[in-house]
Amino acid sequence: MNTEILGVILQWVALVGLCYPLGRYMAKVYKGERTWLDFMAPVEKWVYKLCGINPEQEMNWKQFLKALLMVNLFWFVWGMVLLCCQGWLPLNPDGNPGQTPDLAFNTCISFMVNCNLQHYSGESGLSYFTQLYVIMLFQFITAACGMAAMAGIMKGLAAKTTKTIGNFWVYLVKSTTRILMPLS
């Protein structure tokens with residue numbers, strides 16, 4: 001019991017100790033200030049060019065929301081197709097059949113909103129392919145979407161009166177390349 005209490009205390013100490021420097025670093029990333037990960041800029045520029053994103057273009061809240069909803073719709077459809085078709089996809093040595101549409105819907109939605117509710121038999125119900133390209137991908141990319149959304153909200157709140165709240169796509173890419181990838 002003492003080790004469990006000590007573990008909880010150490011976890012809280014680590015949380016409190018890291019929240020301020022990590023928060024300051026994240027604020028610098030979203031403000032576009034210099035950070036120690038500026039060497040990722042060429043990768044980000046390559047992503048912008050590949051996706052046709054103009055990183056200098058600001059978005060109003062409607063454009064920002066549309067981008068957020070469109071990327072989430074894309075990932076939802078991606079997950080539904082892969083989960084329903086996993087029986088025919090590679091990396092399925094156990095021969096797991098595709099999920100039913102209602103189970104695939106539940107799985108996609110729960111992992112997209114990060115509640116990670118599972119109504120299937122965990123690893124025995126999914127192939128390696130769908131575990132990697134749906135479940136693990138969603139746990140990473142949906143966090144980046146949430147961080148990008150919060151960055152836009154915070155920029156709008158900080159400005160008090162503004163017509164634009166940043167560029168969702170830039171926030172999404174920076175959340176991935178400068179925050180989540182280094183932390184993982």
Side-chain angles (χ1 to χ4, degrees), residues 22-23 25-33 37 40-41 43-86 89 98-120 126-127 129-184:
L22 184 58
Y25 170 74
M26 290 172 66
K28 283 184 176 186
V29 166
Y30 293 128
K31 287 179 181 177
E33 297 175 7
L37 278 173
M40 292 298 285
V43 174
E44 293 165 356
K45 287 179 184 175
W46 180 79
V47 170
Y48 299 148
K49 186 174 183 175
L50 179 72
C51 297
I53 298 167
N54 178 1
E56 304 300 320
Q57 180 183 357
E58 293 272 323
M59 296 177 166
N60 63 32
W61 73 269
K62 292 177 186 176
Q63 295 167 320
F64 199 93
L65 180 61
K66 182 180 173 186
L68 173 68
L69 293 175
M70 290 304 294
V71 77
N72 280 294
L73 177 64
F74 171 81
W75 290 123
F76 174 76
V77 171
W78 169 275
M80 286 290 293
V81 168
L82 292 184
L83 289 171
C84 289
C85 298
Q86 81 172 346
L89 296 173
Q99 289 187 343
T100 60
D102 60 325
L103 183 57
F105 178 86
N106 178 277
T107 304
C108 281
I109 293 298
S110 68
F111 278 88
M112 286 184 72
V113 299
N114 291 314
C115 73
N116 304 345
L117 178 65
Q118 298 178 9
H119 285 291
Y120 55 89
L126 293 179
S127 68
F129 189 87
T130 52
Q131 286 181 52
L132 182 62
Y133 292 105
V134 178
I135 304 304
M136 296 302 293
L137 177 69
F138 280 14
Q139 289 180 341
F140 193 85
I141 201 67
T142 58
C145 284
M147 293 166 66
M150 185 53 79
I153 291 169
M154 290 297 118
K155 183 173 181 186
L157 288 174
K160 293 186 178 89
T161 57
T162 183
K163 296 207 183 288
T164 61
I165 58 172
N167 188 319
F168 173 79
W169 303 112
V170 171
Y171 291 151
L172 181 68
V173 170
K174 286 187 176 188
S175 295
T176 304
T177 59
R178 297 192 185 207
I179 299 168
L180 293 176
M181 285 176 60
L183 286 176
S184 48

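Put simply, the side chain of L83 reaches to within 4.5 Å of the side chain of C108, judged on heavy atoms. I135 places a side-chain heavy atom less than 4.5 Å from the side chain of T107. A heavy-atom distance below 4.5 Å is found between the side chains of M181 and T176. The closest side-chain heavy-atom distance from V134 to W75 is not below 4.5 Å.
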Enumerate donor-acceptor pairs with a distance under 3.5 Å from any side-chain N or O in residues 136-155 to protein atoms, sequence neighbours excluded.
{"from": "T142", "atom 1": "OG1", "to": "N114", "atom 2": "OD1", "distance (Å)": "3.0"}
{"from": "T142", "atom 1": "OG1", "to": "F138", "atom 2": "O", "distance (Å)": "2.4"}
{"from": "K155", "atom 1": "NZ", "to": "E58", "atom 2": "OE1", "distance (Å)": "3.1"}
{"from": "K155", "atom 1": "NZ", "to": "E58", "atom 2": "OE2", "distance (Å)": "3.2"}

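Evaluation of the ring-ring contact (aromatic ring centres under 6.0 Å, His included) test over residues 151-170, restricted to residues two or more places apart or in two chains, returns F64-F168.
Smallest separation of non-hydrogen atoms from E44 and T177: OE2-OG1, 2.7 Å. Nearest approach of T162 to T164, heavy atoms of both residues: OG1-O, 2.9 Å. Closest of all the heavy-atom pairs between G98 and Q86 is CA-CG, 3.7 Å.
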Next item on the list: Please step through side-chain contact (heavy atoms from CB on, under 4.5 Å) for the pair V29 and Y25, ending with a clear verdict.
Entry: CA-CA 6 Å; V29 166; Y25 170 74; 3.6 Å; yes
Next item on the list: Might you work through the side-chain contact (heavy atoms from CB on, under 4.5 Å) test for Y171 and I165, ending with a clear yes or no?
Entry: CA-CA 11 Å; Y171 291 151; I165 58 172; over 6 Å; no
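Panel note: side chain N167, backbone Q57; a donor-acceptor pair is recorded below 3.5 Å. At least one donor-acceptor pair closer than 3.5 Å links the side chain of N72 to the backbone N or O of L68.
Here CD of Q99 is found 9.0 Å from CE of M80. Values are rounded to the nearest 0.5 Å. With rounding to the nearest 0.5 Å, the separation of OH in Y48 from CD in E56 is 9.5 Å. Atoms CG and CE, on N54 and M59 in that order, are 9.5 Å from each other to the nearest 0.5 Å. L69 CG to F74 CZ: the interatomic distance, rounded to the nearest 0.5 Å, is 15.5 Å.
In this structure, F129 places its CZ atom where more than 12 heavy-atom neighbours from other residues, nucleotides or ligands lie under 6.0 Å away.
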